[in-house]
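Note on naming: letters A, B, ... go to the chains in the order of the sequence lines (proteins, then strands), and numbering restarts at 1 for each one.
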Amino acid sequence: MNFVEELRWRGMLHDIMPGTEELLNKGMVSGYIGFDPTADSLHVGSLAQIMTLIHFQLAGHKPFALVGGATGMVGDPSGKSAERNLLNEEDLQHNLNGIKGQLERFLDFSDASNSAEMVNNFDWFKEYNFLDFIRDVGKHITVNYMMAKDSVKNRINGDTGMSFTEFSYQLVQGYDFYYLWKNRNCALQMGGSDQWGNIVTGTELVRRKGRGEAFALTTQLIKKADGTKFGKSEGGNIWLDAAKTSPYKFYQFWLNTSDDDAKTYIRIFTLFDKTTIEAMEAEHDAAPHLRTLQKALAKDITLRVHGETEYIKAIKSTEFLFGNTGIDFLSELNDEEVLAIFSGVPNFTVDKAELEAGIPVTDLLAAKTAIFPSKGEAKKMIQGGGVAINKEKAGTPDDIYNAGNLINNKYLVVQKGKRNYFLIIAE
RNA sequence: GGGGGGAUACCAGAGCGGUCAAAUGGGGCGGACUGUAAAUCCGCUGCUUCGGCUACGAAGGUUCGAAUCCUUCUCCCCCCA
């Protein structure tokens, strides 16, 4: 199956420039996707783009991952209602290194003819001076053309305005495409559907400045069935970096996908083929409470991102925390085993002597640990029935916990809501 | 340069001398139901040693009492030039 058909049946394709598919069918094509270095790790939102590159490479084409050292310094106005904060060079470099390391895990960088490559647009922009740029590049694109882009129009018609810096963004990104087309024989840029305008500025530049032809393909932005934003959980982003989002939490994120979304995501985020996916769906629909799809999805992605060891740990934690095993099960484990189960769970240490004297719950949860930001909040949630300690609901905010409540004479297991676990270690 | 309007909690937005820790909606969090789903319903959404304390752009002032009135400052928007 060719690349475009692959994206199509998976529901990933959003828009494609005429002629693109024909070009791809003729033979190996080099194509690229840009990644934003706004943080030192990619998050699940970028995963769809990574998958696009994986499919691209599997179809025999040569993928480039561009990390936007230069574009990151300017800031993309697409989808942003306000001016971006600029990153300094140092932070940017730090972020680039982090992202680079992650991308290397997903694509094949071996010596194959279609081996993946990583490029940084800072390399060709750092020496490019302003006057040369506006003469050589700016000359080819009219302001009228640039203003017609939705990303620009929205900002000009809105009330936040837009700086010249952000306005020039599309030229900078457009030049990336031109550069890669000219020097690396790169004929296709891909990206999320919000990138269409920027990508097309690139193909336009190739046409006008290079008198050549370049192509564009965009993918669907990931949405959740209920309309809320994809990729967030309990307020935070879900990162690919294990230090930012533990593999356990990562696994949980996917496991908690709704039925509707799971059907979409299994196509986008896994490489299972069509018949396999349809069979999984049928199985899921026959017994939805077993959550076959969610489990397959969470497993596949966690394996790809974190590897087998971390996946197994995540499963073990999940089985203990959400399975039928009572809290007594913990007392059969040694310290090492307990910590393994709670490895992805935030943990806090309290002084054992203090606990022996007895600590009121609210102090325990808000002052001695950071499970709650304030005692008032801890109190309210206890009253609302949202807190459990050692799998038993905390009764009143005045309860006092002492050494007698410890499991193995050492641990307290705290639940905030049903799904958020914390481990308190007394020592 | 001239004239007008505005700044309220995470966001939007009411309040225009006490009854305001501040309506309402959204968001967030939690509970019930369930399948760690969706939908639905319900509760919470400034801190606290539970006495109070700090809050309505900033600083002063009037008043027994200010988010509300006055003065100055900062920022934003609109119209005219």
Side-chain angles (χ1 to χ4, degrees), chain A residues 80-83 155-163 223-238 246-266 280-281 283-299 301-302 314-326 341-342 344-346 358-368 370-389 391-400 413-422:
Chain A
K80 306 282 185 306
S81 56
E83 185 79 12
R155 287 282 293 278
I156 289 179
N157 298 334
D159 46 34
T160 45
M162 173 184 218
S163 68
K223 286 195 215 83
K224 291 209 292 185
D226 61 7
T228 58
K229 204 168 177 184
F230 167 77
K232 302 255 182 186
S233 164
E234 278 96 49
N237 265 322
I238 300 296
S246 70
Y248 159 74
K249 238 191 134 187
F250 186 85
Y251 179 82
Q252 284 286 319
F253 169 77
W254 295 103
L255 194 67
N256 276 300
T257 308
S258 72
D259 290 4
D260 285 345
D261 289 332
K263 290 177 185 175
T264 315
Y265 297 171
I266 195 100
M280 284 197 267
E281 277 176 344
E283 197 187 332
H284 178 92
D285 288 337
H289 61 281
L290 295 178
R291 292 177 296 154
T292 319
L293 276 178
Q294 283 89 339
K295 283 177 187 162
L297 181 69
K299 176 180 179 180
I301 305 176
T302 307
I315 284 280
K316 287 213 167 128
S317 306
T318 295
E319 277 168 3
F320 171 71
L321 296 173
F322 294 96
N324 294 323
T325 28
I341 279 183
F342 285 91
V345 170
I359 302 176
V361 220
T362 49
D363 281 329
L364 185 68
L365 302 181
K368 304 291 175 201
I371 296 171
F372 285 92
S374 75
K375 285 199 230 173
E377 202 164 308
K379 187 174 164 184
K380 277 171 200 149
M381 205 175 283
I382 290 169
Q383 284 167 338
V387 176
I389 294 180
K391 295 214 172 184
E392 297 217 1
K393 286 223 160 139
T396 76
D398 305 320
D399 286 354
I400 292 182
V413 178
V414 179
Q415 268 168 285
K416 176 165 127 188
K418 262 183 293 202
R419 286 179 260 174
N420 304 301
Y421 279 89
F422 302 86

Tabulate protein N/O versus nucleotide N/O from nucleotides 43-50 of chain B, keeping only pairs under 3.5 Å, one per line.
from	atom 1	to	atom 2	distance (Å)
B:C47	OP1	A:Ser374	OG	3.0
B:U48	OP1	A:Lys375	N	3.1
B:U48	OP2	A:Gly376	N	2.6
B:U49	OP1	A:Lys375	NZ	2.8

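- Partner of A:Val361 under the side chain to side chain contact (heavy atoms under 4.5 Å, CB included) criterion, chosen from A:Thr396, A:Ile400, A:Ile389, A:Val387: A:Ile389.
- Contacts of A:Tyr265 classified as ring pair (Phe, Tyr, Trp, His ring centres under 6.0 Å), with partners at least two apart in sequence or in another chain: A:Phe230, A:Phe269.
- Counting any heavy atom pair closer than 4.0 Å across all strands shown, A:Gln252 reaches a base atom.
- Taking atom CZ of residue A:Arg419 and atom C1' of nucleotide B:C29, one finds them 11 Å apart after rounding to whole Å.
- Nearest nucleotide to the side chain of A:Met381, out of B:U36, B:C29, B:A39: B:C29.
- For A:Glu281, the side-chain hydrogen bond (donor to acceptor under 3.5 Å, both in side chains) criterion is met by A:Arg267, not counting sequence neighbours.
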Provide a list of protein-nucleic acid N or O atom pairs under 3.5 angstrom, restricted to nucleotides 32-35 of chain B.
from	atom 1	to	atom 2	distance (Å)
B:A32	OP1	A:Lys393	NZ	3.3
B:U34	O4	A:Lys418	NZ	2.6
B:G35	O6	A:Asp259	OD2	3.1
B:G35	N1	A:Asp259	OD1	3.1
B:G35	N1	A:Asp259	OD2	2.8
B:G35	N2	A:Asp259	OD1	2.7
B:G35	N2	A:Gln294	NE2	3.4

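- Under the side-chain hydrogen bond (donor to acceptor under 3.5 Å, both in side chains) criterion, A:Thr362 pairs with no residue, sequence neighbours left out.
- Computed from coordinates, the A:Leu297 CG to B:U36 P distance equals 17 Å when rounded to whole Å.
- Residue-level contact check: A:Asp261 touches neither bases nor backbone, having no heavy atom under 4.0 Å from any strand.
- The structure places CG of A:Leu255 at 14.5 Å from NZ of A:Lys249, a figure rounded to the nearest 0.5 Å.
- Taking the O4'-C1'-N9-C4 or O4'-C1'-N1-C2 dihedral as appropriate, B:G51 has a value within 90° of 0 and is therefore syn.
- When the side-chain hydrogen bond (donor to acceptor under 3.5 Å, both in side chains) test is applied to A:Lys416, no partner is found at least two apart in sequence or on another chain.
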